[in-house]
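What follows is a set of notes on a single structure, which appears directly below.
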Amino acid sequence: MQKWIMSGLFFVACALAIALMFTLPGKEQVAQEEKPTMPEVTLDAASAEATLKASCISCHGDQLQGGAGPALNQVGGHMDADAIFNVVTKGRKGMPSFKDQLKPEEIANIALYLAEKK
């Protein structure tokens, strides 16, 4: 009787393992989710400033000098536009993700604008 129970449990475990192999995301899919791709946009400084004022100054200050969040007035000196896009999209440490509040094009425009701040 124990042999039947053990072989049944083994069969269920194998079936579960096979099912998980086909349903779990692959490395490429996980990497894509972890590193969003920045869309191609042309910098619109006025729009970027308006979005920054609406979404960022409460933590980063009205002159991007910092406050609750770090200073962004020279962030382009150590981060490129893609890195800034990833941080704004996914969030980091105490900063929330803005992927649900802003369109990817808006985030890309902000990233291009901030990347010029050196």
Side-chain angles (χ1 to χ4, degrees):
M1 182 71 174
Q2 277 187 328
K3 285 184 179 181
W4 289 102
I5 293 172
M6 293 303 288
S7 62
L9 288 174
F10 179 73
F11 177 75
V12 169
C14 289
L16 181 62
I18 291 171
L20 287 175
M21 282 186 354
F22 291 108
T23 58
L24 291 177
K27 287 182 183 178
E28 296 81 19
Q29 185 179 357
V30 170
Q32 182 65 20
E33 290 173 2
E34 289 179 3
K35 187 168 191 256
T37 305
M38 187 168 110
E40 294 286 329
V41 296
T42 303
L43 176 61
D44 179 357
S47 174
E49 287 179 8
T51 305
L52 281 168
K53 286 181 181 173
S55 302
C56 305
I57 63 170
S58 61
C59 293
H60 296 286
D62 60 346
Q63 300 297 313
L64 303 178
Q65 75 277 9
L72 299 179
N73 51 5
Q74 295 180 346
V75 71
H78 57 89
M79 291 178 78
D80 65 1
D82 285 325
I84 296 168
F85 179 82
N86 286 334
V87 169
V88 176
T89 301
K90 294 181 358 182
R92 181 170 74 177
K93 298 181 185 174
M95 180 175 163
S97 166
F98 280 84
K99 68 180 178 184
D100 295 330
Q101 289 84 12
L102 300 172
K103 297 176 187 169
E105 293 79 15
E106 292 174 310
I107 297 173
N109 192 40
I110 289 171
L112 289 174
Y113 179 78
L114 290 175
E116 290 186 350
K117 301 278 185 190
K118 298 179 183 183

- Closest approach of A115 and A81, non-hydrogen atoms and distance?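 Closest approach of A115 to A81, heavy atoms only: CB-N, 3.8 Å.
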
- Can you name the nearest heavy-atom pair linking I107 to F85, along with the distance?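 Looking at all heavy atoms of both residues, the shortest contact is CG2-CD1, 3.4 Å.
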
- Message: Which residues end up grouped with F10 if you chain together Ile, Leu, Val, Met, Phe, Trp and Tyr wherever their side-chain heavy atoms are less than 4.5 Å apart?
- Response: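 For F10, no cluster forms, as it stays isolated from other hydrophobic side chains.
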
- Which hydrophobic side chains are connected to F11, either touching it within the sub-4.5 Å cutoff or through other members that do?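 Traced through the cluster, F11 reaches no other member.
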
- Item | Interatomic distance, E116 atom CD to L43 atom CG [nearest 0.5 angstrom] |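 One finds 5.0 Å between CD of E116 and CG of L43.
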
- Please collect all side chain to side chain donor-acceptor pair (under 3.5 Å) contacts where either partner lies in residues 94-107, sequence neighbours excluded, each pair once.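 Listed by first then second residue: nothing to list.
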
- Query: Taking only residues at least two apart or on different chains, which pairs with a member in residues 62-72 satisfy side chain to side chain donor-acceptor pair (under 3.5 Å)?
  - Reply: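 Found none.
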
- Has the side chain of H60 got a donor or acceptor atom that lies under 3.5 Å from a matching backbone atom of G67?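 Such a contact is absent between H60 side chain and G67 backbone.
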
With sequence neighbours excluded, residues passing side-chain contact (heavy atoms from CB on, under 4.5 Å) with [X]:
X   : answer
T51 : S47, S55, L102, I110
D80 : D82, A83
V75 : L72, H78, M79, I84, L114

- Task: Flag yes if I57 and V88 sit in one hydrophobic cluster, no otherwise; membership is Ile, Leu, Val, Met, Phe, Trp, Tyr, and two members link when side-chain heavy atoms are under 4.5 Å apart.
- Result: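 No, separate clusters.
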
- E49: what forms a side-chain hydrogen bond (donor to acceptor under 3.5 Å, both in side chains) with it, not counting sequence neighbours?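 side-chain hydrogen bond (donor to acceptor under 3.5 Å, both in side chains) check on E49 returns Y113.
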
